[in-house]
Structure formats: structure tokens, C-alpha cells
Student: 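So that we are looking at the same thing, I have put the structure below in C-alpha cells.
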Amino acid sequence: MTFILDGVTTPEERLLSGLNPQQREAVLYRGEALLIVAGAGSGKTSVLTRRIAGLLQAREAWPSQILAITFTNKAANEMRERVEAIVGREAADGMWISTFHSACVRILRREAETIGYTKTFTIYDSADSRALIKRILKETDADTMGFTPGSVAARISKLKNELADVDSFARQANFNDPKEALFVEIFRRYSSELERAKAFDFDDLIAQTVYLFRAFPKVAALYQRRFRHVLVDEYQDTNHAQYSLIRELTRPVEAHVAAELEAEQGYSSSQRAADGAIPAASLTVVGDSDQSIYAFRGADIRNIVEFERDFPGAKVILLEQNYRSTQNILDAANAVISNNFDRKDKKLFTTVGGGDKIVGYTGYSGHDEAQFVADEITALHDRGVDYRDIAVFYRTNSQTRALEEIFIRSAIPYRVLGGTKFYERAEIKDAMAYLITVANPDDPMALRRIMNVPKRGIGPATEAALQLHADTRGITLREAMREADQLGLGPKVTGALRELATLLDEEMERAPRTPVPDTLKALLERSGYLEALRNSRDPQDEARAENVEELVAVTREFQRSTPDGTLLDFLTEVSLVAAADELDDSSGTVSLMTLHTAKGLEFDAVFITGVEEDLLPHRMSASEPGGPSEERRLFYVGITRARKKLYLSLAMTRAQFGDVTVAMPSRYLQEIPAELIEWKQSPGMANSRGGSQPRALNARRERGFNLRDSLPPAPSKPRVKTEWTNQVTGKMRDNGDLTLAAGDRIRHTDFGEGRVTSVSGQGAKSIAEVQFDQVGRKRLLIKIAPIEKL
DNA sequence: GATGTGGGACTTTTT
DNA sequence: GTCCCACATC
């Protein structure tokens, strides 16, 4: 009923409603540069969206003049929706709101030819980069000299983030050092392989865009003229390349360049000032140095610290009021972060009351800890908290294993964000490789992957022959394949190569007028890939075939939401999904993710697990400069995600590597005032409580101590190995049609005996609520729980 | 060239 | 505990 509201409020009043004075100032400030220092939960997204909406509403900018950079695609979509909600859909049409990487892809696809690339380039994700590096290491025998794909990939990435390329690096490299000389060689090969494959890696997307802008001022001017308002979220996590990109975009266009451009395009721009130049775009950055957690991938905290020096006359606005968390949670966060000495002191405050105490728990093992988390989640759910409002954080992806296992047993619906996931499965990579060879015939990595998948009798020898032919003739691997009959190979192999080449060529020719799901289906069917999976004797292949079907469904969904989307668009989208993009608010599941992925999100109830030395802070961070401080910020980020309930847990022993190691409570725990935490089981209690485990541990609590060596083999609980696996990987314990009813007595391998109090749900999803004699009430998925009826 | 097996390395975080 | 690779055998 806007017309009624119009009578009492102006658009500006509505734009500012509910904002505090600092937020209002941040929305309304007009000037060349604005830094919003936004503490956790201080409403920065709201400020940013209203700032954009304000510009549009006041007709100070067209939508097409706005470029907003967010950290994830999900954040971009949300921001777009929120702006649209204020100004209307049409009035917001044409804005660029995206991640750094997506924006750069967009620019590079338009301008690729300027820098000698095709606009149909594909993107190598980290796994692709590593695979390529691995190959190069083998070719150069560098793998025997202590080079690992991981270390080389990290080093190259770091260099690219500093905008160094092979040549600039080689110029200052010390060739007397054989390792360094070899690294230059590896770097050089890596770069030329990418170029030959017509592909960019993640870091190239940014670096090449910067290079494009610097080398071609006229191209840069197109964007400098277009984007009058540049806004960057999570500025504390920008690296040098991203910083440079922002600098290039917000540079004024010199008069003669502007004039040249206009002459070429035959129209005159309203942007030109009296002297003929186009003034710099206005820049708004939002960030919080306390939440800088990406130094390991080149994020430079100086970008935000030195903003005022970089942009003289910049306005700085501080947002310190927190609207998210209770006082207890904030007190804990403030206490922890204040131990970082190298920071500007700032304290979040809230007008919300104290809230519940933080709950602490020390488990005997990672499984025990996971059981605590599961039990608490069940209790929260019983009290009416929706699963979607609950999240579990951890430092390393490997910690999900125990959590998933217990969650499935406890019938808690969950979803793991990021980590080893769908697109990293071999069969999905195979299917994707087929698509890539169709979208980008020059990519030899994708072609090599599928050349003998399904088995065609094309082995390493054939591949080498093809490669040799390609190298001597100066053609691509794919072209060499078309000339297979010239190679003097056996008739079977030649036929197989010919057939594959024809298949790929035909699908490539058809692809532009064919929906993506159809292209994928044709490739999978015609290649015999699906058939091979279906006819396989390996029971896992059935699940693999289902996964591939799932990929077809993904392409269908892509085509539905993007009717004009090309195969290349699909591949690009898949390459650039961030872990947090997978968060689905509608799914009604608990979210599991790393602390890094958690940045920018918030939940009613948050569990931070594994709050132990060597895990948080991570062992690897100790040797890095600034490592422990960054780990502390990571913990701080985790704490500040919680709105109402925060749980901190750790384990005294943790399975790692098949070994069990003893863990110590994290130093950060001691930084939280004791009165804020209510321990359900404190480290001391877990330590001194009777029973075989604690005592044995007490005697030998030292780092790295290997339990397996000296612990007596009989723990109190009988160790029954339960047959159990993840849904996705296939096999699962199955109780068949076991049916339970209230009143039944059952035995559970871990929980002992108990009585069923109620049963809910249907079929495979039936859940029994059981009152166990020893361990209390639990919810179990009947089909898979390790139980038997008595 | 395909298939099976034993030994070794490996896990920090991500676009 | 798991993934990957080298090596052996068919």
C-alpha cells in the first residue's frame, strides 16, 4: 500500500528507516572514496544495498553504471534481490553485481581477442591446475627434487596474485640456484600449457584483466567510463591483483583517450568534464580487518589499513553496533580478538540482553564430540529450532567424517558445504571433461582424461604417439587425433580414435543450437560411457551412473533458469561456484562447513568444533608469519556468526591418519572469560573422570603421543564395527524392513539397550525415538541404525 | 593394454 | 583410513 505510505514518508525516509546515524551517513555520503569499517553483524549488507538503491532512486546513477563486488555468488544474488525489492526490478536492471572472478570472466569474454585469446576460453579450477603441474613435474623430473604439485601450485598462485608472470619472475630469479631455475622452467611450461589449452586458471582471471586494462587504456576506458560507482564488499580479503583491478577501474580517463573513444564510437559522453577527461568513479569499500582470514591466498590486510592513504580525502565511517548476537557471544568475541596486538582497538556492542551462556563440551574422541553436537541439535530441534538455523563449523574438511557418521545415525538432516563434493567425483569430472572437449577443443587435459574412458584400448603408448605427432606438426592433440590414420597404429586403435574424434566434432558442431542437457546426454550415450557404468560388475558403478544422471539434472536446471545459456556459460558457472553458494535456506537441513566458508553467514545456533591446539590454531599456521593471529580471527569470525546460541567443543583424542593423537584445548579457549562458558564437560572433567580412557590419557598427555602404541586394547564400550557408509558413496547398512513400534526393546551397538517411545516417518525415512537405559533419549533412522530388536 | 595388489604419502583454509 | 602410484601378471 505504497500510496498510503507516500503520504507520511518520503522515499528517502523509507530508505533510511531503521538505520542508526552511522549507517545513515554511510548510505547518504557522496564523494570519491568511502571506507565503511563494518564490524561483524553491524548491518553492512543493509547499508550497501540501500546505498545502491539510494543512488538509483535519486537518479544519480543508471543501473548499468553500478558495479558491486561480493565475495560469493550467493551474496551477489541476495544483494541484487534486496536492491530490486527497494527500487523495483526494472529500475535495477543492468547492474553488475558479482564476484571478482565472475566480473573478470565477463570482461575477458568480451575483450579476449584484444590480448590474443579466444573468447571461448575455459577455466582451470585448482584441481585442474594441480593435475597440469603434476604432469609437468613428471616431465621435468622435478618431482624427485622435492617439488610437489601442491607447493608449486601455491607458489604460482601467490606470484600471480602479486601480478608477476613468468617473465617478470625470471628476470629477478637466481638461476645459480638449481631449484629456482627449475621452478622457472616449471612456471614457464605451466603458463604456455595454459595458453595452448586456451584456458585461464583462477588467478589469471583477475591478473589478465588487470593486464588488459593496463596494456590497453582504451579498453580500460570503456569500463572506467561505464562504471561510475564501484562498491566492494569484504575488502579486507582482497589480494594485490584484486586491489589493482579496483584501482584500474576507478582511474579517471584522460581527455585524449576519452576523445579517441568517442570519435571511434561516434557519440559524445555525458561523463566528460570541462577539460575533456572523465573523472574517476566513486569507490565504496566495506570491510573489517578483524575478519581477514585469507592471507594464505594473498589477501593483503594493508589494502584496508592503508585505504585512506591510497585514496586521499576518503571518508571513513565506523559501524560498531552489532544487531546479530547476544551480549555473551559478543563479549566472548571481543575478548578473543583483543588478544591480537596488531589491530586497531574496536569493540562491538549490542543493546540486546545477555542471552544464554556459551555451552562447552570436551569429548573423549572426535566421535564423542560429534555425538554431543548431534544430541544438542536434537534438543534444539525438539525445542522448535529449525534445522536450517543451525550450523556446525570446523577448521579442516576432514572433520566432517565423524560428524556425518553420527548425524546419519541420529537422523539429523544435514548438508555439507564445499569440501570434497559432487564436482570432484571422478565420474562427474569425466562427464565434465566430455563437455569441455566440446566447448574448447584446444584443451588437451580434458581430452586426455576421456580419451580412454570408457575403455577404448587407447593406452599411454597411443597417447604418446599422438602427442608426438601433435608436437612435430605443431598442431593440437585434438587435431592430431583427427589425423590418427597417419600414425601407423593398429587398426583397432585407429578406429577407436577416429570414432571418438568424429563424435566430439559432431557434438561440437551441434552444440551451439542444442540445449546443454541434450549435448551432455548425447556425449554420454554415444561414447558408451553410461553403458559401461550400467554393465559394470562393480556395484559402485550403479551409484556413479546415478551421479552422472544427477549432472544431467543440473544442466537441465541451468538451462531452465538460463534459457539462453550456452555450454560455455554452464562450464563457467560450474567453475566459479563458491562453497557458500551451495547454502540452500529452503532445504531445512543443518549446515556443515569450514570456518572459512562461514564468513558472511549467520545462524541462530552455531557449533564450533575441534577447538584444539594444532587444529585451531592449525599446526601449519604456527610457522607462518601472522599465522596465529589469522587463526584467531578465524575463530572470531566463527563466534560472531551466532545469533543466539554458541557451542564450543573439542576432543581429547582425535583420529587422524588412522592413528589416534592426543589433543590439547586451544589457547583461544582461555581467552574467553570463564563466566561466559558453561561446560557440560570441561577439559578438566574429561581428564579426571574415572574409566579407562581418561586415566590412560592422563599419564601420557603430550603432543603427538601415539595412543595405539601403548593403550590397553579393551575400552569400556565393546567395539563393534558397524557397517555404514555415506548415501552418496553407495553401500549402506540396511536393516531391511525392520519395523519397530512404541514399546519395543532394542539393542544399539553403541548406546546399549533401550525402549522405543515413538516412531515417525515412513518407509526408509522412519525414525524411532528410543529411551536408552544408559545414555538417554536418541532419535534413530531405523533403516540404517546399528540396532537389533530384542 | 587391462587388471590386481602392496606400499607409501597424505590433510589447512578457497575463488 | 583413503587415495594414488608403481609394479607384476594375464
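Every chain is numbered from 1, with letters handed out A, B, ... down the list of sequences.
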Student: Output the distance between atom OG (A/Ser292) and atom CZ (A/Arg343), rounded to the nearest 0.5 Å.
Tutor: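 If we round to the nearest 0.5 Å, A/Ser292:OG and A/Arg343:CZ are 12.5 Å apart.
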Student: Counting only side-chain heavy atoms from C-beta out, which of B/dT12, B/dG1, B/dT14 sits nearest to A/His596?
Tutor: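 Looking only at heavy atoms from C-beta outward on A/His596, the closest nucleotide is B/dT14.
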Student: If the condition is side chain to side chain donor-acceptor pair (under 3.5 Å), which residues does A/Glu573 pass it with, not counting sequence neighbours?
Tutor: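 Per chain and number, A/Glu573 pairs via side chain to side chain donor-acceptor pair (under 3.5 Å) with no residue.
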Student: When the distance from CD of A/Glu463 to C1' of B/dG1 is rounded to whole Å, what number comes out?
Tutor: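 Spelled out: CD on A/Glu463 to C1' on B/dG1 is 13 Å.
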Student: Taking atom C1' of B/dT14 as reference, at what distance in whole Å does atom CG of A/Leu576 sit?
Tutor: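 Computing the A/Leu576:CG to B/dT14:C1' distance gives 13 Å.
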Student: Who pairs with A/Asp300 by salt bridge (charged side-chain N to carboxylate O under 4.0 Å, His left out), at least two apart in sequence or on another chain?
Tutor: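 With neighbours one apart ignored, the set is A/Arg302.
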Student: What pairs with A/Arg641 under side chain to side chain donor-acceptor pair (under 3.5 Å), at least two apart in sequence or on another chain?
Tutor: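 Applying side chain to side chain donor-acceptor pair (under 3.5 Å) to A/Arg641 gives A/Gln291.
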Student: Should the heavy atoms of other residues, nucleotides or ligands under 6.0 Å from CZ of A/Arg498 be counted, would the total exceed 12?
Tutor: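 No, CZ of A/Arg498 has 12 or fewer neighbouring heavy atoms, counting only those of other groups under 6.0 Å.
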Student: I need the CD-C1' distance between A/Glu613 and B/dT12, as an integer number of Å.
Tutor: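 Spelled out: CD on A/Glu613 to C1' on B/dT12 is 15 Å.
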Student: State whether A/Arg667 and A/Glu671 are salt-bridged, where the test is any N-O pair (Lys NZ or Arg NE/NH1/NH2 against Asp/Glu carboxylate O) under 4.0 Å.
Tutor: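 No.
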Student: Whole-Å distance between C/dG1 P and A/His367 NE2?
Tutor: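 For the pair A/His367 NE2 and C/dG1 P, the rounded distance is 11 Å.
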Student: Could you please name the option among B/dA2, B/dT13, B/dG1 that lies closest to any side-chain atom of A/Asn397?
Tutor: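 Of all the options, the side chain of A/Asn397 is nearest to B/dT13.
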Student: So is the aromatic ring of A/His101 stacked onto the base of B/dT15, judging by whether the centres are under 5.5 Å apart and the planes are under 30° apart?
Tutor: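 Whether judged by distance or by angle, A/His101 falls short somewhere, so it does not stack on the base of B/dT15.
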Student: Take atom P in C/dC4 and the same atom in B/dT13, then report the distance between them in whole Å.
Tutor: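 About 16 Å, rounded to a whole number of Å.
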Student: Under 4.0 Å between any heavy atoms, over every strand shown, what does A/Ala461 touch: base, sugar-phosphate, or nothing? Just pick one.
Tutor: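 Touches sugar-phosphate only.
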Student: Do any N or O atoms of the protein come closer than 3.5 Å to N or O atoms of nucleotides 4-6 of chain B, and which pairs are they?
Tutor:
none

Student: Run the salt bridge (charged side-chain N to carboxylate O under 4.0 Å, His left out) test against A/Lys44 and tell me which residues pass, sequence neighbours left out.
Tutor: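 A/Lys44 satisfies salt bridge (charged side-chain N to carboxylate O under 4.0 Å, His left out) with A/Asp233, A/Glu234 only.
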Student: Counting side-chain heavy atoms from CB outward, which of B/dT14, B/dT15, B/dT12 is closest to A/Phe296?
Tutor: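 Selected nucleotide: B/dT14.
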Student: For the side chain of A/Pro460, starting at C-beta, report the closest nucleotide among B/dG1, B/dT12, B/dT14.
Tutor: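 Closest of the options to the side chain of A/Pro460: B/dG1.
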Student: What's the closest nucleotide to the side chain of A/Arg401 if the choices are B/dT11, B/dT14, B/dT15?
Tutor: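 Nearest listed nucleotide: B/dT11.
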Student: Need to verify one output field. Residue with the more 5' nearest nucleotide on DNA chain B, A/Gly457 or A/Ala578?
Tutor: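 Nearer the 5' end of the strand: A/Gly457.
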Student: Determine the minimum heavy-atom distance between A/Thr120 and A/Leu568, stating which atoms define it.
Tutor: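 For A/Thr120 and A/Leu568, the tightest heavy-atom pair comes out as CA-CD2, 3.4 Å.
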Student: Taking any heavy-atom pair under 4.0 Å as a contact, classify A/Thr597: base, sugar-phosphate, or nothing.
Tutor: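 It contacts sugar-phosphate atoms only.
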Student: Rounded to whole angstroms, how far apart are NZ on A/Lys599 and P on B/dT15?
Tutor: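 Those two atoms, NZ and P, are 10 Å apart.
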Student: Measure from CD on A/Glu404 to C1' on C/dT2 and round the result to the nearest Å.
Tutor: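 These atoms are roughly 15 Å apart.
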Student: Looking only at side-chain atoms of A/Thr462, point me to the closest of B/dT13, B/dT15, B/dG1.
Tutor: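 Nearest to the side chain of A/Thr462 among the choices is B/dG1.
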Student: The side chain of A/Met620 is closest to which nucleotide in this list: B/dG1, B/dT3, B/dT12?
Tutor: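 Nearest listed nucleotide: B/dT12.
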Student: Any salt bridge between A/Lys198 and A/Asp443, counting N to O under 4.0 Å?
Tutor: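 No.
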Student: Counting the atoms with a prime plus P, OP1 and OP2 as sugar-phosphate, which does A/Asn452 contact under 4.0 Å by heavy atoms, base, sugar-phosphate, or nothing?
Tutor: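 Answer is sugar-phosphate: A/Asn452 comes under 4.0 Å of backbone atoms only.
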Student: When you measure from the side chain of A/Thr594, which nucleotide among B/dT12, B/dT13, B/dT15 comes out closest?
Tutor: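 Of the options given, the side chain of A/Thr594 lies nearest B/dT13.
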Student: Could you check whether A/Tyr294 and the base of B/dT13 form a stacked pair, meaning centres closer than 5.5 Å and planes differing by less than 30°?
Tutor: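 Given the distance and angle limits, no, they do not stack.
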Student: May I ask you to verify whether the side chain of A/Ser398 and the base of B/dT11 hold a donor-acceptor pair under 3.5 Å?
Tutor: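 Per atom types, the contact qualifies.
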Student: Less than 4.0 Å between a side-chain N and a carboxylate O, is that true for A/Glu631 and A/Arg395?
Tutor: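 Yes, A/Arg395 and A/Glu631 are salt-bridged.
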Student: Using heavy atoms to find the nearest nucleotide of DNA chain B for A/Ser126 and A/Gly459 separately, return the residue whose nucleotide is more 5′.
Tutor: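 Closer to the 5' end of DNA chain B: A/Gly459.
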Student: Take the protein atom CG of A/Leu615 and the nucleotide atom C1' of B/dT13, then report the distance between them rounded to whole Å.
Tutor: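 To the nearest whole Å, that distance equals 11 Å.
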Student: Provide, to the nearest angstrom, the distance between the CD atom belonging to A/Glu424 and the C1' atom belonging to B/dT11.
Tutor: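 Rounding to the nearest Å, CD of A/Glu424 and C1' of B/dT11 are 13 Å apart.
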Student: Using the 3.5 Å cut-off, write out each protein N or O paired with an N or O of nucleotides 3-5 of chain C and the distance between them.
Tutor:
residue: C/dC5; atom: OP1; partner: A/Lys134; partner atom: NZ; Å: 2.6

Student: Closer than 4.0 angstrom, basic N to acidic O: yes or no for A/Glu405 and A/Arg409?
Tutor: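 Here A/Glu405 pairs with A/Arg409 in a salt bridge, since their nearest N and O are under 4.0 Å apart.
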Student: How is A/Thr72 classified with respect to the nucleic acid when contacts are heavy atoms under 4.0 Å: base, sugar-phosphate, or nothing?
Tutor: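 Answer is nothing: A/Thr72 stays at 4.0 Å or more from every strand.
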Student: On the side chain of A/Ser575, is there an atom forming a donor-acceptor pair with the base of B/dT15 - under 3.5 Å, no angle test?
Tutor: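 No pair found.
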